[in-house]
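The next block holds one structure in the form of structure tokens; read it before the comments.
Only this structure's heavy atoms are used, side chains among them; waters, hydrogens and symmetry mates stay out. What you are looking at is a predicted structure, and each value in this text was computed from that prediction instead of being measured.
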Amino acid sequence: MTNVTEQDRVLIFDTTLRDGEQSPGATMTHAEKLEIAELLDEMGVDIIEAGFPIASEGDFKAVSEIAERSQNSRICGLARANFADIDRCWEAIKHAGKNRIHTFIGTSPLHRAIPNLTMDEMADKIHETVSHARNLCENVQWSPMDATRTEWDYLCRVIEIAIKAGATTINIPDTVGYTAPVESADLIKRLIETVPGADEVVFATHCHNDLGMATANSLAAVAGGARQIECTINGLGERAGNTALEEVVMALRTRNDIMPWHTGIDTTKIMHISRRVATVAGFPVQFNKAIVGKNAFAHESGIHQDGMLKNRENFEIMRPEDIGLSGTSLPLGKHSGRAALRDKLETLGYEVGDNQLKDIFVRFKDLADRKKEVFDDDLIALMSQDDEADDHLQLVSMKVTCGTGGQAESTVELEVDGKDIVATEHGDGPVDATFKAVRRIYPNTARLQLYQVHAVTEGTDAQATVSVRLEEDGMIATGQSANTDTVVASAKAYIHALNRLIMRREKAGPGADTREISYKDLT
């Protein structure tokens, strides 16, 4: 980008710790809020709205500590239009190197009815509270909540009052996510052109995603003259959420040809903070979520995979490395083609000719029709000429006793390289006892990373599919089995995973770095 000026800079105001945390079930602990604030600070967020200090003692303490610990970002607290809220907010943020009081009041007819204020009474209240905030803090943001449903003349009137009272940022919230992009751009443009003193303050936009247009509305507002976008990580927030930080930042970066604006965000930290927020807030990111979803840089279709292998720009408008990912993912499934299969086999160390690939591809498609995704271990098994015959461990028989009278007992008979061995073990339940019996027969240091049971059909006679993931010395192997007896399926899945570990050891060879052929990201 050339000829970038300060007028082109868009401030990023992150409200994950305030609006984001207001999502039902998204409450964070004190330590988690400090952690996310530190990540936002390192990322280059201009303003962090750290919380609502008067809401609780815990929120006050969190905002206060974030203010004291911040290194780069301006720390903001939210306050309603009353002196008690504003004073409490100031107490929480006053020790920040850079601080801001954000005070708000609902100005639409619906929201004016809540406190039962006339237009004049509300106008007086705005003047009093913004003036009070400005007497405490040099940097004051004011928001007319539900601005997009407020009468035009009244909206202009109260914004002018807030500017004269000392507000330095005027935020225009689309509180219920009702606005369309063309309206968002026009509203900001008209306010800047109409309201006296508008050229002396920063206009901001805060868009909710009720109709799925939050990001589009925010970018449209910037086109209309706004120079601050309020957003959250992963779009977390009330109801359908907010404008997502990662979406606006990457949109500005990717389309600077028609949106010549910029931010100070370190985009390589996006994926890490996205995953961290998803974890601490308990809101998993949907797989097809823009920018940070699991499938955002994944290609399963054969046509897409072939195009990606030839030139990634065929199907990607941004680089995964730009948001902190190691690269593109080409998951194999029933839609994958020969090019992707050959590429994956080559990364696993298999060189195959055209005729051999044709045969493997038929078996691969058959497997892919039965599985959602084909992993590296599945391909290694496919490459074996006789997978069953090559198994070092095979289940011969097993008998389990369990109930309320004591520990479960499992007797397992395995064929180990042609020799039958029997062992009996006790455990906390039949599966634990069975796994212990297998380990007694075939000692190993493999650590159980995953144990999952899924019912294929309904009813008490349902077939259970058990998945097991083991890790040993940097190698990861998965096993899966289905049976109407869940314990039998568990034993077979565990033994299957052990056989794959053995196969990988053999493939690695003496002294090889086994991690180079392990598949570490199966989730």
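- Proximity of a side-chain donor or acceptor of K98 to a complementary backbone N or O of I75 within less than 3.5 Å is not detected.
- In this structure, the side chains of H262 and N256 stay at 4.5 Å or more apart for every pair of heavy atoms.
- Considering CG of N242 and CG of N234, their distance stands at 11.5 Å, rounded to 0.5 Å.
- For the pair S467/Y451, no side-chain contact is recorded, criterion being any heavy-atom separation below 4.5 Å from C-beta on.
- Contact check for I323 versus T268: no side-chain heavy atoms found under the 4.5 Å cut-off.
- L470 approaches Y494 most closely through the heavy-atom pair CD2-CE1, 3.8 Å.
- For the pair N444 (side chain) and Y442 (backbone), a donor-acceptor distance under 3.5 Å is present.
- Comment: K289 engages E247 in a salt bridge, judged by a side-chain N to carboxylate O separation of less than 4.0 angstrom.
- The two residues A491 and T434 have their closest heavy-atom pair at CB-CG2, 3.6 Å.
- For CG of D417, the number of neighbouring non-hydrogen atoms (other residues, nucleotides, ligands) closer than 6.0 Å is greater than 12.
- If you take CD on E35 and OG1 on T279, they are separated by 9.0 Å, rounding to the nearest 0.5 Å.
- Residue H426 forms a side-chain hydrogen bond (donor to acceptor under 3.5 Å, both in side chains) with just one option from Q407, K436, E409, and that option is E409.
- The backbone N or O of T16 sits less than 3.5 Å from a side-chain atom of D14, completing a donor-acceptor pair.
- Taking every heavy atom of both residues into account, V400 and M398 meet most closely at CG2-CE, 3.7 Å.
- E238 and Q22 share a side-chain donor-acceptor pair at under 3.5 Å.
- Interatomic distance, S218 OG to L245 CG, rounded to the nearest 0.5 Å: 10.5 Å.
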Mind running side-chain contact (heavy atoms from CB on, under 4.5 Å) on F13 and C76 for me, showing each step along the way? CA-CA 9 Å; F13 177 111; C76 176; 4.1 Å; yes
Check the pair N217 / H208 against side-chain hydrogen bond (donor to acceptor under 3.5 Å, both in side chains), numbers first and verdict last. CA-CA 9 Å; N217 282 331; H208 280 263; over 6 Å; no
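- Of the charged side-chain nitrogens involved, at least one lies within less than 4.0 Å of a carboxylate oxygen, so that E38 and R69 count as a salt-bridged pair.
- Panel note: side chain R342, backbone V352; a donor-acceptor pair is recorded below 3.5 Å.
- The closest side-chain heavy-atom distance from L498 to V438 is below 4.5 Å.
- Side-chain N or O atoms of N209 include one that pairs as donor or acceptor with a backbone N or O of A214 at under 3.5 Å.
- Ionic pairing of D322 and R319 is present here: one or more N-O contacts between side-chain nitrogen and carboxylate oxygen are shorter than 4.0 angstrom.
- A salt bridge does not link R18 with D59: every distance from a Lys NZ or Arg NE/NH1/NH2 to an Asp or Glu carboxylate oxygen is 4.0 Å or more.
- Closest non-hydrogen pair, A423 versus R440, comes out as CB-CD, 3.7 Å.
- Minimum interatomic distance between E415 and V396 (heavy atoms only, all atoms of both residues): N-CG2, 3.6 Å.
- Within the 3.5 Å criterion, the main-chain N or O of A340 finds no donor-acceptor partner in the side chain of S336.
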Can L17 and E49 be said to form a side-chain contact (heavy atoms from CB on, under 4.5 Å), step by step? CA-CA 7 Å; L17 298 176; E49 189 165 51; over 6 Å; no
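- Using a 4.5 Å heavy-atom cutoff, the side chains of Q228 and D46 are not in contact.
- Salt bridge absent: K399 and E413 never bring a charged side-chain N and a carboxylate O closer than 4.0 Å.
- For the pair I47/L11, a side-chain contact is recorded, criterion being any heavy-atom separation below 4.5 Å from C-beta on.
- The structure places CZ of R74 at 12.5 Å from CG of N72, a figure rounded to the nearest 0.5 Å.
- Here the side chain of T254 pairs no donor or acceptor atom with the backbone of A251 at under 3.5 angstrom.
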Derivation of the side-chain contact (heavy atoms from CB on, under 4.5 Å) call for K269 and L39: CA-CA 8 Å; K269 298 183 183 297; L39 292 174; over 6 Å; no
Worked check of salt bridge (Lys or Arg N to Asp or Glu O under 4.0 Å) between E21 and K33: CA-CA 10 Å; E21 202 193 18; K33 291 192 76 168; 3.3 Å; yes
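- Going from atom CD of E246 over to atom CD1 of I273 covers 9.5 Å, rounded to the nearest 0.5 Å.
- For the pair G20 and A26, the tightest heavy-atom approach, listed with the atom from each and the gap, is O-CB, 3.8 Å.
- With contacts defined as side-chain heavy-atom distances shorter than 4.5 Å, the pair V45/D41 does not qualify.
- Under 3.5 Å, the side chains of R253 and T267 contain a donor-acceptor pair of N or O atoms.
- In this structure, the side chain of K492 does not engage the main chain of Q480 through any donor-acceptor pair within 3.5 Å.
- Between the N499 side chain and the L393 main chain, a donor and an acceptor come within less than 3.5 Å of each other.
- Between the CG atom in L501 and the NE2 atom in H496 there is a gap of 11.0 Å [rounded to 0.5 Å].
- Distance alone, capped at 3.5 Å, places no donor-acceptor pair between the S274 side chain and the I270 backbone.
- Annotation: side chain of F361 is not in contact with side chain of D359 (no heavy-atom distance under 4.5 Å).
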Applying side-chain contact (heavy atoms from CB on, under 4.5 Å) to Q452 and R469, what does each step give before you reach the verdict? CA-CA 9 Å; Q452 285 184 337; R469 185 190 303 155; over 6 Å; no
